[in-house]
Colleague: 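Below: one structure in structure tokens.
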Amino acid sequence: MELASWVRTVSFSTLALGGLLAAGCGKTATPGPEGGQPATPASATDDHSGWWCIEHGVPEDICAQCNAKLAAEYRQKGDWCKEHIRPESQCFLCNPKLAEKFAAEYEAKFGTKPPKPAG
Ligand SMILES: [Zn+2]
Ligand SMILES: [Zn+2]
């Protein structure tokens with residue numbers, strides 16, 4: 001008599017949560033004492049992160065998702081997408097064309113396409 005053996009494979013499917021990655025482009029503003037040494041700029045050339053928010057695909061100085069104060073200002077102006085909690089004028093979810101608009105701004109400035117946000 002022969003023994004038949006078999007393997008039962010159970011595969012588990014793992015659900016990865018594509019959660020919202022909040023934060024990530026926080027800026028560290030160190031209020032230096034007067035007369036202190038000048039702040040040395042971080043890596044000069046390739047790092048545009050000071051101007052560009054890679055995560056949100058807009059210039060940092062208008063990135064309401066990184067700056068709660070800005071967000072409040074946009075809210076006041078009525079430029080606000082309640083659904084996605086960001087200014088309507090920066091809501092790529094409602095208006096994907098906006099992403100291209102900002103990317104074009106980046107390209108005009110640096111002559112290269114903006115870095116893609118991770119994920
Ligand atoms: Zn941002
Ligand atoms: Zn929206």
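All values derive from a computational prediction rather than experimental measurement. As the structure lists them, so they are numbered: ligands from 1, and atoms in each ligand from 1. Start at 1 with the first residue, then count along the sequence.
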Colleague: Is there a donor-acceptor pair closer than 3.5 Å between any side-chain N or O of Glu88 and the backbone N or O of Cys94?
Modeller: no

Colleague: Can you give me the ND1-the Zn ion (ligand 1)-SG angle for His56 and Cys63, to 10°?
Modeller: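 Rounding to the nearest 10 degrees gives 100°.
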
Colleague: Would you call Lys109 and Tyr106 a side-chain contact if the rule is heavy atoms closer than 4.5 Å?
Modeller: no

Colleague: Please name all residues satisfying side chain to side chain contact (heavy atoms under 4.5 Å, CB included) with Glu105, sequence neighbours left out, ordered by chain then number.
Modeller: Pro59, Lys101, Phe102

Colleague: Using the side chain to side chain contact (heavy atoms under 4.5 Å, CB included) criterion, which residues pair with Leu93? Sequence neighbours excluded.
Modeller: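 In terms of side chain to side chain contact (heavy atoms under 4.5 Å, CB included), with neighbours along the sequence ignored, Leu93 is linked to His84, Arg86, Cys91.
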
Colleague: Can you list the steps and then say if Trp51 with Phe110 is a ring-ring contact (aromatic ring centres under 6.0 Å, His included)?
Modeller: CA-CA 11 Å; Trp51 178 73; Phe110 297 113; 5.5 Å; yes

Colleague: Suppose we screen for salt bridge (charged side-chain N to carboxylate O under 4.0 Å, His left out). Which residues come up paired with Lys113, at least two apart in sequence or across chains?
Modeller: Glu107

Colleague: Enumerate the protein N/O/S atoms at a distance below 2.8 Å from the Zn ion (ligand 2), ignoring waters.
Modeller: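 Result, waters dropped: Cys81 SG, His84 ND1, Cys91 SG, Cys94 SG.
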
